[in-house]
Engineer: 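Below is the structure I would like to discuss, written out as structure tokens.
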Amino acid sequence: MAPLRRRHHYYHRFRYLIPLISAVSGALLILFAVLFLFLAPTPFDVHQRQNDRVDDAIGDTVVFRVPSRGGRRSSDRDLWTSRNANLYYGCSDASKKFPKVEDVTHPNRYLAIATSGGLNQQRTGITDAVVAARILNASLVVPKLDQKSFWKDASEFSEIFDVDYFISYLSKDVKIIKRLPRKGGKTWTPYNMRVPRKCNEKCYQTRLVPVLLKKHAVQLTKFDYRLANRLGTDLQKLRCRVNYHALKFTEPIRKMGEKLVYRMRMKSKHYITLHLRFEPDMLAFSGCYYGGGDKERKELGAIRKRWKTLHISNPDKPRRHGRCPLTPEEVGLMLRALGYGSDVHIYVASGEVYGGEDTLAPLKALFPNFYSKETIATKEELEPFYSFSSRMAALDFIVCDESDVFVTNNNGNMAKILAGRRRYFGHKPTIRPNAKKLYRLFLSKENTTWEAFASSVRTYQRGFMGEPHEGRPGRGGFHENPSTCICENSQARVKRDVEPGKYGKGSNVPRKDEEVDVQDSEDDPEWPDSDEDEDLSVPLENDHFNRTTEDYDTVNSEEPELEELISD
């Protein structure tokens with residue numbers, strides 16, 4: 001009986017478990033169904049994914065999709081500052097060995113110069129003129145600005161630059177006067193002549209001192225890039241004092257420029273400036289071809305006829321060699337790959353863009369916060385500047401100089417001067433596209449993923465980001481790389497060596513196993529001069545100064561000047 005009672009007891013207990021197990025199972029089934037409804041893809045999603053896989057497989061290519069956010073960047077680079085900028089500072093004070101101006105200036109020796117080109121080309125001439133006067137121990141007459149070239153700007157020196165500040169600041173270096181003294185009660189007309197490009201100290205002394213001893217007053221015409229890149233340390237530092245301190249824009253230009261900067265800062269904490277250089281004249285001179293067919297060839301070819309000695313036999317070659325500006329779209333893709341997202345604000349310094357809004361549309365799609373001086377200032381505010389291309393260029397110069405990041409699209413005069421200035425004042429990032437490498441990358445971008453493309457851009461741009469040690473000291477133009485005037489902060493270096501994790505190892509010096517392109521502006525083409533360079537009235541004493549194609553002009557005198565095009 002006992003075993004029977006036990007089986008009966010277990011039967012009753014099991015009978016009560018059956019409904020409980022059924023209830024739990026049902027609840028689990030309901031929960032699973034709910035989760036399936038929420039987590040399973042919809043038929044549309046499945047269809048879309050299938051389409052994506054089909055699209056990706058078409059022609060064995062990978063779809064190139066640009067993200068709205070910035071591309072992934074290496075953790076050791078900040079988008080808006082140079083990591084090691086605090087290790088360097090601008091230093092341009094004269095040494096104790098630099099003689100006082102009153103001890104070296106001859107009382108009856110005057111140098112005048114006539115500049116050439118647009119605002120920034122003229123700025124290089126003004127800077128070099130002060131140094132030339134010091135080499136010759138002469139008083140400098142306030143330079144004449146070019147009023148007859150392509151730009152046709154009638155502005156005088158005093159309407160662009162603060163002339164009194166210019167004279168005062170440099171009073172310990174060079175005696176500067178506003179005009180030649182009268183001679184015998186009459187206006188003194190200086191003797192006109194010219195020196196070759198990149199003329200060094202010995203060249204000036206050989207060519208000009210004999211003339212100054214005889215004529216006492218000489219005017220050097222077409223004065224641009226007429227001084228060698230390599231000079232003695234004190235003369236190089238004098239160059240920096242002129243360019244970075246003595247040349248100050250007039251008050252109306254400064255105030256308007258500061259107003260534009262303030263408005264950009266009100267829109268965003270950081271902003272990028274882009275010197276686009278995609279004007280028809282620029283493209284025509286460069287001889288570049290951008291795939292626009294017969295229409296492009298005809299339009300740019302007609303402009304190119306202005307330069308009678310400029311012949312382009314293979315328009316694809318300059319792009320392959322990195323001699324051409326990137327298109328606006330290519331600039332935008334480069335910036336996105338470097339880490340700048342669609343929320344970044346961009347100020348564009350440019351004249352009329354070839355192709356107009358159609359050409360700009362891809363860049364604006366990548367960076368909708370797109371501005372220029374015409375969009376952030378009223379017509380009434382810009383009215384005093386509209387008729388003067390140099391004053392309009394000065395406004396762009398100020399906004400670009402004050403920006404967090406400056407992007408130069410091809411290496412023109414404005415880009416070179418701003419690159420040097422931004423190095424001198426704290427190594428603010430200046431991005432110069434490595435056009436030779438990027439060109440090949442842009443050609444094949446549709447056959448790669450965005451991640452691979454962005455990684456390649458970051459690799460190719462090493463050495464082109466305005467960091468310390470990118471430019472080789474003594475190489476390229478001094479205005480772009482004023483290495484003599486940049487000193488190292490020894491205390492910061494010691495601190496960096498003590499805390500390598502905080503400042504990064506190697507102070508941005510690339511490892512030996514890294515392949516890094518380095519900027520060298522001597523590889524960049526220069527705008528041609530427009531008339532014969534050699535002055536045969538001054539005999540040459542040695543073969544060192546004989547004419548070479550590098551030193552002298554080759555373009556017919558009827559051809560127009562061209563610097564970099566900014567709104568006129």
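What you see below is based on every heavy atom in this structure, not just the backbone, and it leaves out hydrogens, waters and symmetry mates. This chain uses plain numbering: 1 for the first residue, then up along the sequence.
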Engineer: For the pair Cys91/Cys485, is the SG to SG distance below 2.5 Å?
Structural biologist: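 With an SG-SG separation of 2.5 Å or more, Cys485 and Cys91 do not form a disulfide.
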Engineer: Quick one: which of Arg421, Arg422, Arg254 gives a salt bridge (Lys or Arg N to Asp or Glu O under 4.0 Å) with Asp401?
Structural biologist: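 Only match with Asp401 under salt bridge (Lys or Arg N to Asp or Glu O under 4.0 Å): Arg421.
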Engineer: If you measure from the Lys or Arg side-chain nitrogens to the Asp or Glu carboxylate oxygens, is any gap between Asp396 and Lys373 under 4.0 Å?
Structural biologist: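 Lys373 and Asp396: salt-bridged.
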Engineer: Count the heavy atoms of every other residue, nucleotide or ligand shown that sit under 6.0 Å from CZ of Phe425, and state whether that count exceeds 12.
Structural biologist: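 Counting other residues, nucleotides and ligands, CZ of Phe425 exceeds 12 neighbours.
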Engineer: Any salt bridge between Arg306 and Asp281, counting N to O under 4.0 Å?
Structural biologist: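 Judged by the 4.0 Å cut-off on N to carboxylate O distance, Arg306 and Asp281 do form a salt bridge.
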Engineer: Is the closest basic N to carboxylate O distance between Arg423 and Glu480 below 4.0 Å?
Structural biologist: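 Not counted as a salt bridge, because no side-chain N and carboxylate O are separated by less than 4.0 Å.
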Engineer: Output yes when Asp404 and Lys428 qualify as a salt bridge under the 4.0 Å nitrogen-oxygen rule, no when they do not.
Structural biologist: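 Salt bridge absent between Asp404 and Lys428.
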Engineer: Is the distance between the ring centroids of Tyr424 and Tyr88 less than 6.0 Å?
Structural biologist: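 When the ring centroids of Tyr424 and Tyr88 are compared, they turn out to be at least 6.0 Å apart.
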Engineer: Going by side chain to side chain contact (heavy atoms under 4.5 Å, CB included), name the residues that satisfy it together with Pro181, two or more places apart in sequence or in a different chain.
Structural biologist: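 Side chain to side chain contact (heavy atoms under 4.5 Å, CB included) list for Pro181, sorted by chain: Tyr110, Ile177, Trp188.
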Engineer: Before accepting this row, confirm whether a basic side-chain N of the pair Asp128/Arg123 lies closer than 4.0 Å to the acidic partner's carboxylate O.
Structural biologist: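 Salt bridge: no.
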Engineer: Who are the ring pair (Phe, Tyr, Trp, His ring centres under 6.0 Å) partners of Phe385, not counting sequence neighbours?
Structural biologist: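 Once residues adjacent in sequence are excluded, Phe385 has no partner under the ring pair (Phe, Tyr, Trp, His ring centres under 6.0 Å) criterion.
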Engineer: For the pair Lys379 and Glu383, find out whether any cationic side-chain nitrogen is under 4.0 Å from an anionic carboxylate oxygen.
Structural biologist: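 A salt bridge is absent here (no side-chain N lies under 4.0 Å from a carboxylate O).
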Engineer: Using a strict 4.0 Å threshold on nitrogen-to-oxygen distance, state whether Arg263 and Glu381 make a salt bridge.
Structural biologist: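 Result for this pair is yes, salt bridge flagged.
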Engineer: Determine whether the aromatic ring centres of residues Phe249 and Phe397 are separated by less than 6.0 angstrom.
Structural biologist: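 Under 6.0 Å, so yes.
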Engineer: Can you tell me if Glu251 has over 12 outside heavy atoms packed within less than 6.0 Å of its CD?
Structural biologist: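 No, because the 6.0 Å sphere around CD of Glu251 holds 12 heavy atoms or fewer from other groups.
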Engineer: May I ask you to check whether Phe166 and Phe157 place their ring centers less than 6.0 Å from one another?
Structural biologist: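 Between Phe157 and Phe166, which both carry aromatic rings, the centre distance is below 6.0 Å.
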